[in-house]
Peer 1: 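The structure follows.
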Amino acid sequence: MEMETNETFQPRKSTKKGGLNAPITIIILIGVAMAVFYGLFGSPSNFEGGDSYAGHPKNFMGIIFKGGVIIPFLMSFFLMVIVFGIDRFIALGKASGKGNTTKFVDDIRDLVSRNQINEALELCDQQKGSVGNVVREGLTTYKALANDSSMNKEQKLIELNKTLEEAMTLEMPALEKNTSIISTIASIGTLIALMGTVIGMIKAFFALGEGGGTPDAAKLSVGIAEALINTGMGIGASAIAIIVYNMITNKIDDLTFKIDEVGMSIQQSFAAHH
């Protein structure tokens with residue numbers, strides 16, 4: 001029995017490698033943004049006279065194209081937030097498991113309080129997901145410790161707590177994967193846009209200087225417009241990234257809270273029944 005117990009305590013290896021490959025996805029999305037920017041937004045049909053660079057824009061896509069070379073990178077930020085955001089919401093949905101997570105937590109707490117560990121394990125198998133996996137690890141160790149006579153009660157509680165923490169540690173990378181990309185975009189989106197804004201203002205001041213006292217109104221307006229377009233795109237990308245990141249972190253916090261809640265119930269039940 002002691003040998004089986006020791007095997008139970010071995011930390012399991014995480015086999016979860018789900019989620020998008022960040023470097024490849026980022027390169028693809030930048031390529032898509034470039035293709036849309038130069039192929040669609042830069043189409044001659046969007047400009048008067050069919051000149052994408054000298055012609056006056058006839059629609060919104062032409063206006064965006066006038067934002068300059070920084071715009072496709074800001075567009076790729078929008079795409080990254082959307083793609084990685086959807087990927088995370090799908091992953092977190094799977095992590096929640098089948099059925100209502102709150103009901104699962106309440107049912108597990110009720111079963112554990114009545115020391116019905118086998119029934120609780122069956123419920124974990126039905127629920128699956130990260131929540132079910134962590135709870136199952138804790139309940140499996142619960143059963144092993146209940147039959148172990150080599151440790152006192154305090155040592156068993158420490159071992160049970162250690163198992164729950166290790167199980168949670170193994171699940172967290174799968175939950176948090178690629179969220180740092182979204183938070184980075186939220187931070188640097190406005191900085192990249194500021195670069196485009198500065199480039200636009202430099203062009204505007206050059207237009208003032210080249211006129212020799214009579215500034216070229218057309219070039220001046222183009223430079224100012226480029227600056228404002230970059231500013232608007234950068235603010236928009238950062239705002240969406242912040243919203244999506246907060247939604248994802250709130251979902252992760254909710255899952256971890258539920259896991260901690262069940263873990264505490266498991267430890268309290270063990271202390272009460274053993």
Side-chain angles (χ1 to χ4, degrees), residues 18-43 46-47 52-53 57 59-93 95 172-207 220-256:
L20 297 173
N21 183 295
I24 294 176
T25 303
I26 289 172
I27 292 172
I28 292 173
L29 292 179
I30 291 176
V32 170
M34 291 286 185
V36 171
F37 180 73
Y38 289 105
L40 182 61
F41 288 19
S43 173
N46 296 325
F47 302 88
S52 303
Y53 294 93
N59 51 39
F60 185 73
M61 288 190 292
I63 293 173
I64 296 298
F65 185 77
K66 289 296 184 180
V69 296
I70 301 297
I71 295 297
F73 293 99
L74 295 175
M75 289 173 60
S76 69
F77 287 172
F78 277 105
L79 294 176
M80 289 176 203
V81 171
I82 293 171
V83 171
F84 285 117
I86 292 174
D87 173 65
R88 285 301 84 207
F89 284 119
I90 292 174
L92 291 173
M172 286 306 295
L175 299 180
E176 297 177 341
K177 183 177 181 180
N178 294 332
T179 55
S180 60
I181 295 174
I182 299 176
S183 66
T184 301
I185 291 173
S187 301
I188 70 171
T190 51
L191 295 178
I192 300 298
L194 182 60
M195 184 186 302
T197 302
V198 171
I199 293 173
M201 294 307 297
I202 289 173
K203 290 181 179 180
F205 281 109
F206 265 114
L220 178 62
S221 62
V222 168
I224 295 175
E226 180 176 336
L228 294 177
I229 291 169
N230 279 276
T231 301
M233 288 285 287
I235 292 174
S238 294
I240 293 176
I242 291 171
I243 293 171
V244 172
Y245 179 75
N246 285 336
M247 291 173 64
I248 292 172
T249 52
N250 285 339
K251 181 68 174 176
I252 293 174
D253 289 343
D254 182 59
L255 287 177
T256 54

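Along the sequence shown, the residues carry numbers beginning at 1. Just so you know, these numbers come straight off a predicted model, no measurement behind them.
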Peer 1: Give me each pair satisfying salt bridge (charged side-chain N to carboxylate O under 4.0 Å, His left out) with a member in residues 223-252, each pair once, sequence neighbours excluded.
Peer 2: K203-E226
Peer 1: Applying side-chain hydrogen bond (donor to acceptor under 3.5 Å, both in side chains) as the test, list every pair that has at least one member in residues 227-245; sequence neighbours left out.
Peer 2: T197-T231
Peer 1: Locate the shortest heavy-atom distance separating F37 from G68; write the atom from each residue and the value.
Peer 2: CZ-O, 3.4 Å
Peer 1: Which of these passes side chain to side chain contact (heavy atoms under 4.5 Å, CB included) with T25: V83, I30, I181?
Peer 2: V83
Peer 1: For the CD1 atom of I192 and the CE atom of M233, what is their distance to the nearest 0.5 Å?
Peer 2: 13.0 Å
Peer 1: To the closest 0.5 Å, what do you measure between CD1 (I28) and CG (L79)?
Peer 2: 12.0 Å
Peer 1: Mind listing the closest non-hydrogen atom pair of M201 and A227 along with its distance?
Peer 2: SD-CB, 3.8 Å
Peer 1: Provide the closest heavy-atom pair for A33 versus P72 in the form atom of the first, atom of the second, distance.
Peer 2: CB-O, 3.3 Å
Peer 1: Determine the minimum heavy-atom distance between S180 and T184, stating which atoms define it.
Peer 2: O-OG1, 2.7 Å
Peer 1: According to side chain to side chain donor-acceptor pair (under 3.5 Å), who are the partners of N178, at least two apart in sequence or on a separate chain?
Peer 2: none
Peer 1: Check F41, Y38, F47 against S52 for a side chain to side chain contact (heavy atoms under 4.5 Å, CB included) and give me the one that passes.
Peer 2: F47
Peer 1: When rounded to the nearest 0.5 angstrom, what distance separates CZ in R88 from NZ in K177?
Peer 2: 7.0 Å
Peer 1: Between I252 and M172, is there a side-chain heavy-atom distance shorter than 4.5 Å?
Peer 2: yes
Peer 1: Could you tell me if the side chain of L20 sits less than 4.5 Å from the side chain of F84, heavy atoms only?
Peer 2: yes
Peer 1: If every non-hydrogen atom of I229 is compared with every non-hydrogen atom of I63, which pair is closest and at what distance?
Peer 2: CD1-O, 2.9 Å
Peer 1: Could you tell me which non-hydrogen atom of N246 sits nearest to which non-hydrogen atom of T249, and how far apart they are?
Peer 2: O-OG1, 3.0 Å
Peer 1: Can any side-chain N or O of S43 pair as donor or acceptor with the backbone N or O of L40 at less than 3.5 Å?
Peer 2: no
Peer 1: Say you draw a straight line from CG of L194 to CD1 of I199; how long is it, rounded to the nearest 0.5 Å?
Peer 2: 10.0 Å
Peer 1: Rounded to the nearest 0.5 Å, how far does CD1 of I182 lie from CD1 of I82?
Peer 2: 11.0 Å
Peer 1: Could you give the distance from CG (L92) to CG (D254), rounded to the nearest 0.5 Å?
Peer 2: 10.0 Å
